[in-house]
Amino acid sequence: MASPWSKGSPFTPRHSLNYSFLGDSATTPRSQQKVPLTSQLLEETDQRRVETFGPPLPVQISEKLTNQESNQHTTVRIDQSGWAWLVSGRKLFIWRFIPAAGTKGVFFKELTLPASELYHVADLICVISPAGDSKLSSVSVMAVSPEGLVRYWPSLTHDSNTVDVDTDLIGSKCHSLTAFQPYGCILLTTTNELLLLTGLQKTVKCQNLNASSGVFTDLGRRMTSFIFGSQPASQRMTNWQKVLASSNHTTDNSR
């Protein structure tokens with residue numbers, strides 16, 4: 001099947017759609033409502049619908065996706081916060097696919113990842129945007145190499161200010177990094193280790209959530225129980241596939 005990025009794509013645009021707002025007006029703050037988004041229909045069948053979403057991609061991203069001569073390993077992530085990032089070699093490209101209210105154009109930033117003998121992947125990157133704060137200066141970025149070297153940018157708008165910390169992993173590789181705010185990010189390794197990484201202005205605090213004796217520490221036990229629920233000892237050696245973080249805030253209006 002021909003790629004939609006290649007010339008002569010069978011996915012010929014038929015018409016454009018326009019979304020006048022993003023989010024539920026009952027729950028979305030007024031400052032974040034009515035963000036214009038356009039969508040172009042590429043293909044529609046009885047089983048699926050393919051369409052573009054959001055503003056056009058930054059030029060640098062389009063060039064990376066259409067460059068067939070590049071042999072660099074490339075991965076990408078799209079986050080529900082409105083941020084997306086692409087990793088190619090040691091380059092990290094970050095942009096907003098949902099424009100923030102009051103901004104013009106697409107915000108884009110190119111960062112350099114730490115040296116690694118293995119492929120950097122998008123699953124080991126977190127773009128951290130504080131809830132209720134739309135300022136770009138409040139957005140931070142945490143990246144981990146497969147070997148466990150952490151690079152942290154306290155502010156995305158000041159990319160020259162970085163913090164590098166080694167997690168000192170022995171005999172394991174990093175598998176995924178998951179934002180778990182306001183506590184930090186949870187790093188999962190290929191040997192089922194869980195590390196809580198908390199970014200500060202001048203360092204990154206690394207808290208191992210697994211005790212060396214096999215018994216969870218007080219913080220580790222509470223954090224792991226909160227993430228995975230209470231587990232029998234016989235199930236703690238199961239190979240974990242992914243860490244999912246969710247914010248469940250329940251409001252009781254009956255009182």
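Note that the structure is a prediction, hence the values are computed from the model and not measured. We're numbering straight along the sequence, starting at 1. Hydrogens, waters and symmetry mates play no part in the numbers below; they use all other heavy atoms, side chains included.
Within the structure, salt bridge (Lys or Arg N to Asp or Glu O under 4.0 Å) contacts touching residues 150-169 (residues at least two apart or in different chains) are Lys109-Asp159, Arg151-Asp164. Residue pairs satisfying the salt bridge (Lys or Arg N to Asp or Glu O under 4.0 Å) criterion with at least one member in residues 197-209, sequence neighbours excluded, are absent.
At least one donor-acceptor pair closer than 3.5 Å links the side chain of Thr190 to the backbone N or O of Lys173. Here the side chain of Thr198 pairs a donor or acceptor atom with the backbone of Tyr183 at under 3.5 angstrom. Judged by distance alone, the side chain of Glu63 and the main-chain N or O of Thr66 form no donor-acceptor pair under 3.5 Å. In this structure, Thr157 contributes its side chain and Leu136 its backbone to no donor-acceptor pair below 3.5 Å. Judged by distance alone, the side chain of Ser155 and the main-chain N or O of Ser137 form a donor-acceptor pair under 3.5 Å. Using a distance-only test at 3.5 Å, with no hydrogens or angles considered, a donor-acceptor pair links the side chain of Glu147 to the main chain of Glu117.
Among the candidates Ile78, Ile61, Ile94, the single residue satisfying the side-chain contact (heavy atoms from CB on, under 4.5 Å) test with Trp85 is Ile94. Residue Val150 forms a side-chain contact (heavy atoms from CB on, under 4.5 Å) with just one option from Val144, Leu124, Val163, and that option is Val144.
Side-chain contact between Arg90 and Ser116 is absent, with no heavy atoms from C-beta onward closer than 4.5 Å. Looking at heavy atoms from C-beta onward, His120 lies in side-chain contact with Pro146 at the 4.5 angstrom threshold.
Residues passing the ring pair (Phe, Tyr, Trp, His ring centres under 6.0 Å) test with Trp95: none are found, sequence neighbours excluded.
The aromatic rings of Tyr119 and His73 lie parallel to each other, their planes meeting at an angle below 30°, with 60° marking the opposite boundary.
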